[in-house]
Undergrad: 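Quick one: the structure is below, questions incoming.
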Amino acid sequence: MIDAVAEIKARLNIEDVVQQYVQLKKAGRSLKGLCPFHPEKSPSFIVSPERGMAYCFGCHKGGDVFKFIQEIEGIEFVDALKMLAERAGVALTEQPLRPQIAKSEKDDLYEIHEVVTKFYVENLWTTKDG
Ligand code: ZN
């Protein structure tokens, strides 16, 4: 399945994928556009075909082509994978997506951890018990 991810990345140009959502202009070796994730007037959304990255320096969203699709479509990695596999013409086997799922589960845990930490910190300062 890691191979499918690599295969998809090799077959798709990230700039083509991104340009379905964002109008991009050439800026040296990269491309620039208005960030689709936050409102802005001067472009801080950079796409680097060389690195296969699409990233906003304003709101720090984006990443590789999968991350970009996940964020812009609001979908899970598995769905982004299916979508891009179809586009790239890469056949996915029904193997479990272990490494990637493990990764997003970890992200979720981090998020939960952050929320919990915030809760405790707030409690600490705003309640008597704290
Ligand atoms: Zn942004």
Undergrad: Is the side chain of Arg29 donor-acceptor paired with the backbone N or O of Glu50 at a distance under 3.5 Å, no angle test?
TA: no
Undergrad: Determine, using the 4.5 Å side-chain heavy-atom cutoff (strictly less than), whether Ile14 and Phe57 are members of one ILVMFWY cluster.
TA: no
Undergrad: Does Val22 belong to the same Ile/Leu/Val/Met/Phe/Trp/Tyr cluster as Leu12, with side-chain heavy atoms less than 4.5 Å apart forming each link?
TA: yes
Undergrad: Are any non-hydrogen side-chain atoms of Lys25 and Pro43 less than 4.5 angstrom apart?
TA: no
Undergrad: Tell me if the centroids of the rings in Tyr55 and Phe45 come within less than 6.0 Å of each other.
TA: no
Undergrad: Evaluate the criterion side chain to side chain contact (heavy atoms under 4.5 Å, CB included) for residue pair Glu73 and Tyr21; output intermediate values, then yes/no.
TA: CA-CA 10 Å; Glu73 295 282 352; Tyr21 305 91; 2.5 Å; yes
Undergrad: Step through the shown structure and confirm whether more than 12 heavy atoms of other residues, nucleotides or ligands are within 6.0 Å of CD on Gln19.
TA: yes
Undergrad: Is there a side-chain contact between Ile69 and Gln20, using heavy atoms and a 4.5 Å cut-off?
TA: no
Undergrad: Please report the interatomic distance CG(Asp3) to CG(Leu92), rounded to the nearest 0.5 Å.
TA: 11.5 Å
Undergrad: Can you confirm whether Arg51 is buried at CZ, in the sense that more than 12 heavy atoms of other residues, nucleotides or ligands lie under 6.0 Å from that atom?
TA: no
Undergrad: Any salt bridge linking Lys82 with Glu86? Criterion: basic side-chain nitrogen under 4.0 Å from a carboxylate oxygen.
TA: no
Undergrad: Please name the pair of heavy atoms, one in Gly62 and one in Lys67, separated by the smallest distance, quoted to 0.1 Å.
TA: O-CG, 3.4 Å
Undergrad: Is any side-chain heavy atom of Leu24 closer than 4.5 Å to a side-chain heavy atom of Lys32?
TA: no
Undergrad: Write down the atom of Pro49, the atom of Ser30, and the distance for their closest heavy-atom approach.
TA: CD-CA, 4.3 Å
Undergrad: Could you see if Ile46 belongs to whatever hydrophobic cluster contains Leu34? Use Ile, Leu, Val, Met, Phe, Trp, Tyr and a side-chain cutoff under 4.5 Å.
TA: no
Undergrad: Might you point out which heavy atoms bring Ala54 and Val47 nearest each other, and give the distance in Å?
TA: CB-CG2, 4.0 Å
Undergrad: Rounded to the nearest 0.5 Å, what separates atom SG in Cys35 from atom NZ in Lys41?
TA: 15.0 Å
Undergrad: Tell me, with the steps shown, if Phe66 and Val17 meet side chain to side chain contact (heavy atoms under 4.5 Å, CB included).
TA: CA-CA 10 Å; Phe66 293 99; Val17 175; over 6 Å; no
Undergrad: Where is the tightest heavy-atom contact between His38 and Cys56, given as atom of each residue plus distance?
TA: CE1-SG, 3.4 Å
Undergrad: Would you call the rings of Phe37 and Phe68 parallel, tilted or perpendicular, where under 30° means parallel and over 60° means perpendicular?
TA: perpendicular
Undergrad: Could you tell me whether the side chain of Gln70 and the main chain of Glu76 form a donor-acceptor pair under 3.5 Å?
TA: no
Undergrad: Quick one: does Asn13's side chain have a donor or acceptor within less than 3.5 Å of a partner on Glu15's backbone?
TA: no
Undergrad: If two hydrophobic side chains count as joined below 4.5 Å and joins carry through other members, does Met53 share a cluster with Leu81?
TA: no
